[in-house]
Visitor: 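Questions regarding the structure given below will be posed in turn.
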Amino acid sequence: MECFSCFLGLLLLLAARLPLDAAKRFHDVLSNERTSGYMREYNQLNGWSSDENEWNEKLYPVWKRGDSRWKNSWKGGHVQAILTSDSPALVGSTITFVVNLVFPRCQTEDVSGNIVYEKNCRNDTGPSSDQYVYNWTEEVDSGNGNSPGHHNVFPDGKPFPHHPGWKRWNFVYVFHTLGQYFQKLGRGSARVSVNTANVPLGPQLMEVTVYRRHRRAYVPIAKVKDVYVVTDHIPVFVTMYQKNDRNLSDETFLRDLPIMFTVLIHDPSHFLNESAIYYKWNFGDNTGLFVSNNPTLNHTYVLNGTFNLNLTVQAAVPGPCPSPSPKPPKPTSFLPSANDNPLELRESPDEMCQIYRYGYFKATITIVEGILEVNIVRMTDVLMPVPQPDNSLMDFVVTCQGTIPTEVCTIVSDPTCQLAHSTVCDPVDVDVAGMCLLTVRRAFTGSGTYCVNLTLGDDTSLALTSTLVSVPARDPASPLRMANGALVSVGCLAIFVTAITLLVYKKRKGYKLIENSTGIVVKGNGLSVSLNRAKAMFRPGNQEKDPLLSHQPGIL
C-alpha cells in the first residue's frame, strides 16, 4: 500500500509538470543557447516581465538556427537587425537601446509602413514590376483589421496598444535581458530605455528578436544581441588640444605653450544634470593639485620630459535619503532624563541626501621642443629682369620662435582663405646659424587680393600665420612704352646736339683744324666724333689738348 501511494504521487507530479514541460517559455525562445541551470536572481526591471511566461508558438513560430525556413522569411533577401546602446551607463541612470532594420537592396519603408521597391534602383534580379514588397495596409484592410482580432497580440498574449497609427506598425520587437523581456510594436526601428538602478554592475547581454506581420500570424526575420555595461564610476573622457601641435593623438605636446584639457562626461540620459561636479587635476610636474568646477582647464609645461596626468571627477548626486535603520530600544528607566529628545525619532520623508560618484582619468604625456610662433615681418615685390604681365613675384621675410623648422609650406587662396589656388612646400636648410629667419618667394598669377598662409613645421609642431596680399594690375604694354620713351629721349638729344653743332659751325667758318687726322673717325664711333667736334667748336684753341689726341707724344 505504501508503494502504491508513492507511485500515485509520482504520477500526479508528472501530470502536474506535463503542461509546464510542453509549453514554450520566453527563455526557451530568446535564450536557447543558455544552460538550464541559469539562475535568475535579479531585481525586477520597471515594465518588464519574467521570461518564465509562456510563449505563443502558434502565433509566433520558433525557428532554430540553420532552419531552412529562414531563407524564405523575407522577399528578395535577408533583413539585418543592428542593435546599439548608449553604454556605458552610470548606475541609477537610464540606458537606451535602439534596433534598426536594414532591408535588402532597393527596398525601403514608406510613410504608411509598407515595404516598397525604390524607384530607379536595380538589384541582382533587375527592377521589379511590382511596387510593393509587403503591402500590409491592403492586407489588414482585407482581413477585417479594423477589429482588434485575436492575432493583434504579443507573444505572451497581451494585446497591442491601440495608439494612433498602430496599424502602420508591422514589426514586433522582443527585448530580453537579465531573465526578463519587454515586447514592443514598431516600424523599421524600435527604441527601449531601461533604468539601471536594479541592473547589476558589469557587462550584461541584451538580445532582440524581430517578427514581421504575415496575415494573421508573424514570421521571425532577424535576431541580434549586444553587450552593454553598467558601472558605478562616472564614464570620463578627456580631450587635449594645443596650438601648433602637429599630432593631437600621440600625446606628445610642446613646451612653453598652454595645453587645453576638456573633460567630457558620458551622461546621455542627463542623470548628473542636477549634480555638483568638481574636477581635481594633478599634472605630474610638481605644480600641485588644481580643483575646479569648470570642465575646461589650461596648463603649460615648462620642462621637457614625460609626465603622468591624473584627474578625479566628483559628482554629488541628489536623491531621497534611505530609510533610517531601526535603533535599539533604550533601557527602561523610572527616572526621566533631560537628554531624551522626543523629536529624535521623527522621520523626514522629503529630506534630500547626496550620493557621491567618482570618475577617473589617467594619461602619460611627453613634452618636447617645438616651433612656438611664426610671424611675417616684411613683404617686398621682386623686380624681374624681363617683366611678365601675367606673373608677379613677392618675397616674404619670416621669423619664428622655438626650434628651427625643417619645411615651409605656402597656401595661396582667395580673399576668404577658403578656396585654395596653389600649395607649395619646400625643405628648409637646417644650417641657418641657429636663427629662424627665412625668405620665402612665391608667385601670383594675375592681379587681385590673395590670402597667403605660411606654415613652418618640424616633426612635432606646425606654426601658422596668414596675411592678405594685394597684387596690382600690370599694363602689358608698359615695358615697351618705357623702351620707346628711352629711345625717343636719346633721339631728341642727338638732334639737339647736331643742331647746336651746325649753328656754331656757321659762326666760325674760318677755323681750320691744326691736323686733319683720319684716325679719329676710324677709332671712334659716329656719336663720339660728333660730340668731340661740337666740343671743339665751343672751345677754340690748340687741338692737342683734346683727350683723343693725348696718346700722341710730343704734342703737350
Visitor: side-chain hydrogen bond (donor to acceptor under 3.5 Å, both in side chains) between Asp285 and Thr287: does it pass, once the steps are laid out?
Guide: CA-CA 6 Å; Asp285 57 352; Thr287 55; 2.6 Å; yes
Visitor: Please examine the side chains of Leu454 and Val374, heavy atoms only from C-beta on, and report whether any two atoms are closer than 4.5 Å.
Guide: no
Visitor: Looking at residues at least two apart in the chain, or sitting in another chain, which of them share a ring-ring contact (aromatic ring centres under 6.0 Å, His included) with Phe175?
Guide: none
Visitor: Is a donor on one side and an acceptor on the other found under 3.5 Å between the side chain of Asn198 and the backbone of Gln44?
Guide: yes
Visitor: Do you know which of Ser269, Ser193, Ser85 makes side chain to side chain donor-acceptor pair (under 3.5 Å) with Thr96?
Guide: Ser193
Visitor: Could you state the interatomic distance from CG (Asp67) to CZ (Arg65), rounded to the nearest 0.5 Å?
Guide: 12.5 Å
Visitor: I need the Tyr358 OH to Lys280 NZ distance, nearest 0.5 Å.
Guide: 6.5 Å
Visitor: Give the C-alpha distance, both sets of side-chain angles, the deciding distance and a yes or no for ring-ring contact (aromatic ring centres under 6.0 Å, His included) between Phe307 and Tyr301.
Guide: CA-CA 9 Å; Phe307 303 92; Tyr301 288 87; 4.9 Å; yes
Visitor: CG/Asp245 to CG/Leu257 distance, rounded to the nearest 0.5 angstrom?
Guide: 9.5 Å
Visitor: For a quick test of reading the model, state the closest non-hydrogen atom pair linking Trp74 to Val79 and the distance between them.
Guide: CD2-CG2, 3.3 Å
Visitor: Is a donor on one side and an acceptor on the other found under 3.5 Å between the side chain of Asn244 and the backbone of Ile371?
Guide: yes
Visitor: Could you walk me through whether Val428 and Thr406 satisfy the side-chain contact (heavy atoms from CB on, under 4.5 Å) test, starting with their C-alpha distance in whole Å, then the side-chain angles of each, then the deciding distance to 0.1 Å, before giving a yes or no?
Guide: CA-CA 5 Å; Val428 176; Thr406 58; 5.6 Å; no
Visitor: To check you understand the geometry: which heavy-atom pair defines the closest contact between Ser275 and Pro318, and what is its length?
Guide: OG-CD, 3.8 Å
Visitor: Is Asn298 reaching over with its side chain to a backbone N or O of Pro258, donor-acceptor style, under 3.5 angstrom?
Guide: no
Visitor: Report the distance from atom CZ of Arg191 to atom CG of Asn100, rounding to the nearest 0.5 Å.
Guide: 8.5 Å
Visitor: Can you name the nearest heavy-atom pair linking Leu178 to Pro200, along with the distance?
Guide: CD1-CD, 4.0 Å
Visitor: May I ask you to test the Leu30-Lys225 pair for a side-chain heavy-atom distance under 4.5 Å?
Guide: no
Visitor: Kindly determine whether Phe97 and Leu83 satisfy side-chain contact (heavy atoms from CB on, under 4.5 Å), including the steps that lead there.
Guide: CA-CA 7 Å; Phe97 300 89; Leu83 173 62; 4.2 Å; yes
Visitor: With a 3.5 Å distance limit and no angle check, can you tell me whether Asn453 reaches the backbone of Ile411 through a side-chain donor-acceptor pair?
Guide: no
Visitor: Taking Tyr279 for its side chain and Thr296 for its backbone only, find out whether a donor-acceptor pair lies under 3.5 Å.
Guide: no
Visitor: State the CG-CG distance between Asp156 and Leu59, to the nearest 0.5 angstrom.
Guide: 11.0 Å
Visitor: Take Thr177 and Phe182 through the side-chain contact (heavy atoms from CB on, under 4.5 Å) test and state the conclusion after the steps.
Guide: CA-CA 9 Å; Thr177 188; Phe182 184 86; over 6 Å; no
Visitor: Under the side-chain contact (heavy atoms from CB on, under 4.5 Å) rule, what do Val91 and Val199 come out as? Steps first, then yes or no, please.
Guide: CA-CA 8 Å; Val91 61; Val199 178; over 6 Å; no
Visitor: Kindly state whether the ring of His176 and the ring of Phe26 have centres lying under 6.0 angstrom apart.
Guide: no
Visitor: Can a side-chain donor-acceptor contact be found between Ser112 and Asp110 if the only test is distance below 3.5 angstrom?
Guide: no
Visitor: Looking only at atom types and distance, does a side-chain atom of Asn114 sit under 3.5 Å from a main-chain N or O of Trp136, one as donor and one as acceptor?
Guide: yes
Visitor: Do side-chain atoms of Tyr241 reach the backbone of Thr262 as a donor and acceptor pair under 3.5 angstrom?
Guide: no
Visitor: Answer yes or no: is there a donor N or O on one side and an acceptor on the other, between the side chain of Trp70 and the main chain of Lys64, under 3.5 Å?
Guide: yes
Visitor: Kindly say whether Trp55 contributes a backbone atom to a donor-acceptor pair with the side chain of Lys24 at under 3.5 angstrom?
Guide: no
Visitor: How many angstroms lie between CD1 in Ile221 and CG in Leu101, if you round to the nearest 0.5 Å?
Guide: 5.5 Å
Visitor: Kindly give the heavy-atom pair with the smallest separation between Gly370 and Asp458, and that separation in Å.
Guide: CA-OD2, 4.3 Å
Visitor: Taking Ser73's backbone N and O only, do any of them form a donor-acceptor pair with Arg212's side chain (distance below 3.5 Å, no angle check)?
Guide: yes
Visitor: Restricting to ring-ring contact (aromatic ring centres under 6.0 Å, His included), what partner residues turn up for Phe283, sequence neighbours left out?
Guide: Phe261, Trp281, Phe290, His299
Visitor: For residues Leu372 and Asp256, report the shortest heavy-atom separation together with the two atoms involved.
Guide: CD1-CB, 4.2 Å
Visitor: Can you name the closest pair of heavy atoms from Tyr60 and Val153 and give their distance?
Guide: OH-O, 2.5 Å
Visitor: For Thr416 and Asp414, does a side-chain donor sit closer than 3.5 Å to a side-chain acceptor?
Guide: yes
